[in-house]
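Structure first, then comments.
First the proteins, then the strands, lettered A, B, ... as listed; each starts at 1.
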Protein chains: 2
Amino acid sequence: MHAFFAKFAALMSENFKIPTVFDIAREAGVSRGTVDRVIHRRGRFSAETEKRVRDAIKRLGYSANLNAAKLASRKPRRIACLLPSFKEGEYWDYINRGLVESAGTLGFNLDLQMFLYDQTSSDSFKECSSMLLDTPVDGVLLNAVFKDEVVEFSRELDERGIPYAFIDNNVEGLGNVLYVGFDVYRGGELAAFLLTMSGKPEEILLVRILRDKDHRGDPNRVRRQGFLDYIGKNFPETVVHTVFIDPNAPEGITPTLEAFLSEHPHVRHLATTNSRIHLAAPFLAAHPDIHAVGFDDLEKNVKALKAGYVDFLVTHHIMDISRECLRLFAESLSTGEPPAQRNHYVHLDILHRLNIDGYER
Amino acid sequence: MHAFFAKFAALMSENFKIPTVFDIAREAGVSRGTVDRVIHRRGRFSAETEKRVRDAIKRLGYSANLNAAKLASRKPRRIACLLPSFKEGEYWDYINRGLVESAGTLGFNLDLQMFLYDQTSSDSFKECSSMLLDTPVDGVLLNAVFKDEVVEFSRELDERGIPYAFIDNNVEGLGNVLYVGFDVYRGGELAAFLLTMSGKPEEILLVRILRDKDHRGDPNRVRRQGFLDYIGKNFPETVVHTVFIDPNAPEGITPTLEAFLSEHPHVRHLATTNSRIHLAAPFLAAHPDIHAVGFDDLEKNVKALKAGYVDFLVTHHIMDISRECLRLFAESLSTGEPPAQRNHYVHLDILHRLNIDGYER
DNA sequence: AAATAATGTGTTCACGTGCACGCATTTTTT
DNA sequence: AAAAAATGCGTGCACGTGAACACATTATTT
């Protein structure tokens, strides 16, 4: 018999009822309001009461009904976002869009406050973060480019009891309740693999942008390491050249690359470890025999991919990161519990001309 | 100045209030209950009232608050799922898991009723679908392997006013409110590209499973076409051989492939267009110089990928399809409106040993 | 010691929707 | 023509949580 039907009404036993705050209150021998105050750490309860309530929650396996919570949420949750500033179409623009979009659709009453610092200046970060501390907030969402400064800032947040989450990249060992990002090193390896899979390269050109030189605040160091390690391991004789370009002087880029090529005419492989392979598109257009791999599905990069200038993009759903991060963080702020899972690594996608359709949502 | 902050409290003007049923009722000059009856097509209202309500809804841009809807949903929505039967770990098992999981977490009171037919027998489909019609349901979720039978069944559903959605594959031009799936032809092309990107193949072995022979109910025909078209276009001299294997007699598979190889010793490329490349894993293990590409991230396939027997898997988040499909369908049943977008195509992922981590969620 | 503040707890309304129920009025049946 | 059914519409409770409020009791200040 191939046909049958089954009911999946309750995951558990026949008439298992999902516990509510009322059940917790009864179990703990207190009122619903008290349970609520314990859960949300709003004070006004004794240590003994807290224990009874928390035990009851654990015993009954209670977790808040998010629909009801969203419906009832009146006071806005203030979430400060301490992130790099951006121009339209840049990486952090996408992160920002995901955040703003989610804030609107998530159903919680979220009040996002953006603190955008200059990615090239640690002073700017410090200025922004101290401004943030003067503002009343319920939680902070931030990334971690300036390690020392981030560590110091996180200590301050810990002291004040303000929960915080890292997005996109992080520093290990701090008190954040959440991290949503990806495996940067793996991404570097993957780019190297894709670049070299059609045959052994004699020489490779790695295009970097000027500010990468600053080792203190270089977000792509780990990714580049992954790239170089892969090449070193699999093609030990291959030489990797580096050329620096200035994104603020785009007119100089193509000449710089051309000049390099005439000095190293055997180069047939080009890569960037930042999100700006599109800056090399004009150069690549003139040299269809050069394989190229870059990162991130910025609109301009995708254009270069579709045109065939770039072979592969290693990327992930950028906006998914921010959406997911904000969702988990908001839920956590709402329930008063840290997210069940602390680290969320998103999958690295490989984009090629043939599978790009449908990637952008 | 690099720091600033902005509020995104309301997407629109300063104090824009999202309209509720009450606003609609006032605008239309009726009571809230009447609005509700119109929205959910539960009868008991005049044609003129309906128009007034619908106009008001459009004018104010009303759409139901899903949190409140989920919270208040008391009567379960009965959704019948008419899908291929499966063994554990097979493709449709994943689809099924996604459905069951979603039904539990979506927050609506969903009552899934599974009608599983034998993929190799159109009679079984007919039997199942008529059984389904004897059961009271609010909506039907189905896929489309047997075209004629599906068309007939859909007519019946249209007549009865039962909304239905296609999942994974569909038939164009029918009255379904929703389709969630992917571009099958594109997937075939992509597999061919990945198989051949490291160099021109002399001969290719396409491994098919026995029941593919039946052209009426062959779900992989289009995918295979994409594969063959790509090869034909880019490598016109390459010969594509086909070997049929029987998944029900796994012990015969490796000998069959070995026999083929000794007859065609130049073959270095192997592909399947179904989800069972793992059946060729033992053979591939013995021939590490053979490139192989398959479809779908079934556990066994991923194992073969990690072991290096398979180079690439073309796939998509299988369970995402069913999760997304059920979510949109349930929301549609709840609001009484068809989903804003009818066709949802998921992105094709390329899986390789280096990016498999984190793919499974 | 009285006034004031802090602490601990319970009560109540609000959020927006689903849906049962009740009551009139009109239409159909007997 | 009376009874029954169908139609059209409004009212009210329930869903589970957030959070203000009210009220005692205890601790602190004046």
Side-chain angles (χ1 to χ4, degrees), chain A residues 17-26 28-53 56-57 60 62-78 106-111 138 330-331 333-337, chain B residues 17-26 28-53 56-57 60 62-78 106-111 138 330-331 333-337:
Chain A
K17 196 190 156 282
I18 293 171
T20 73
V21 253
F22 289 98
D23 298 316
I24 303 301
R26 193 174 338 105
V30 295
S31 83
R32 198 179 68 72
T34 302
V35 174
D36 190 67
R37 258 173 279 122
V38 169
I39 288 176
H40 295 95
R41 296 186 171 77
R42 281 196 269 107
R44 315 289 221 100
F45 50 83
S46 68
E48 203 228 314
T49 304
E50 168 161 21
K51 181 171 164 28
R52 285 226 308 280
V53 170
I57 288 177
L60 270 52
Y62 168 81
S63 70
N65 179 327
L66 283 177
N67 294 313
K70 288 179 191 173
L71 187 60
S73 75
R74 331 174 45 56
K75 226 170 62 174
R77 309 262 176 217
R78 296 155 305 183
L106 233 36
F108 291 110
N109 192 352
L110 296 181
D111 182 1
D138 299 306
E331 286 183 9
L333 288 182
S334 170
T335 62
E337 298 295 320
Chain B
K17 196 191 155 281
I18 292 171
T20 72
V21 255
F22 289 98
D23 299 314
I24 302 302
R26 190 171 345 100
V30 294
S31 83
R32 197 177 64 73
T34 302
V35 174
D36 191 68
R37 258 173 279 123
V38 169
I39 288 176
H40 296 95
R41 298 188 170 77
R42 281 197 268 106
R44 315 289 221 103
F45 52 83
S46 69
E48 203 227 314
T49 304
E50 169 162 21
K51 180 168 165 29
R52 287 226 307 281
V53 170
I57 288 177
L60 299 186
Y62 168 82
S63 70
N65 179 327
L66 283 177
N67 294 313
K70 288 179 192 172
L71 187 59
S73 75
R74 329 176 47 55
K75 228 170 60 174
R77 309 262 176 216
R78 295 154 306 182
L106 233 37
F108 291 110
N109 192 352
L110 296 181
D111 183 2
D138 299 305
E331 287 184 8
L333 289 181
S334 170
T335 63
E337 298 296 320

Sugar-phosphate atoms are those with a prime plus P, OP1 and OP2; base atoms are the rest. Using that split, label each nucleotide of nucleotides 11-24 of chain D B, S or - for protein heavy atoms under 4.0 Å, 5' to 3'.
BBB-BBBBBS----
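- Looking only at side-chain heavy atoms (C-beta outward), B:Glu50 and B:Val53 stay at 4.5 Å or farther from each other.
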Side-chain atoms of residues 38-46 of chain B: list all donor-acceptor pairs with protein atoms under 3.5 Å, sequence neighbours left out, distances to 0.1 Å.
from: B:His40; atom 1: ND1; to: B:Asp36; atom 2: O; distance (Å): 3.1
from: B:His40; atom 1: ND1; to: B:Asp36; atom 2: OD1; distance (Å): 3.3
from: B:His40; atom 1: NE2; to: B:Ser334; atom 2: O; distance (Å): 2.9
from: B:Arg41; atom 1: NH1; to: B:Gly336; atom 2: O; distance (Å): 2.7
from: B:Arg42; atom 1: NH2; to: B:Asp36; atom 2: OD2; distance (Å): 2.1
from: B:Ser46; atom 1: OG; to: B:Thr49; atom 2: N; distance (Å): 3.1
from: B:Ser46; atom 1: OG; to: B:Thr49; atom 2: OG1; distance (Å): 2.7

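- Between the OH atom of B:Tyr62 and the OG1 atom of B:Thr20 there is a distance of 7.0 Å, given to the nearest 0.5 Å.
- Minimum heavy-atom separation, B:Ala25 to B:Arg32: CB-N, 3.8 Å.
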Please tabulate, for the side chains in residues 67-77 of chain A, all donor-acceptor contacts under 3.5 angstrom to protein atoms that are two or more places apart in sequence or on a different chain.
from: A:Lys70; atom 1: NZ; to: A:Leu106; atom 2: O; distance (Å): 3.1
from: A:Ser73; atom 1: OG; to: A:Lys70; atom 2: O; distance (Å): 3.1

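- Evaluation of the side chain to side chain donor-acceptor pair (under 3.5 Å) rule for B:Glu337 yields no partner, not counting sequence neighbours.
- Checked against salt bridge (charged side-chain N to carboxylate O under 4.0 Å, His left out), B:Arg78 has the following partners two or more places apart in sequence or in another chain: B:Asp138.
- Axis angle between the ends of the helix from C:dA1-D:dT30 to C:dT30-D:dA1, five pairs each and rounded to 10 degrees, works out to 30°.
- Rounding to the nearest 0.5 Å gives a distance of 5.0 Å between CG of A:Leu66 and CZ of A:Phe108.
- In this entry the distance linking CD of A:Glu48 with P of C:dT7 reads 18 Å, nearest Å.
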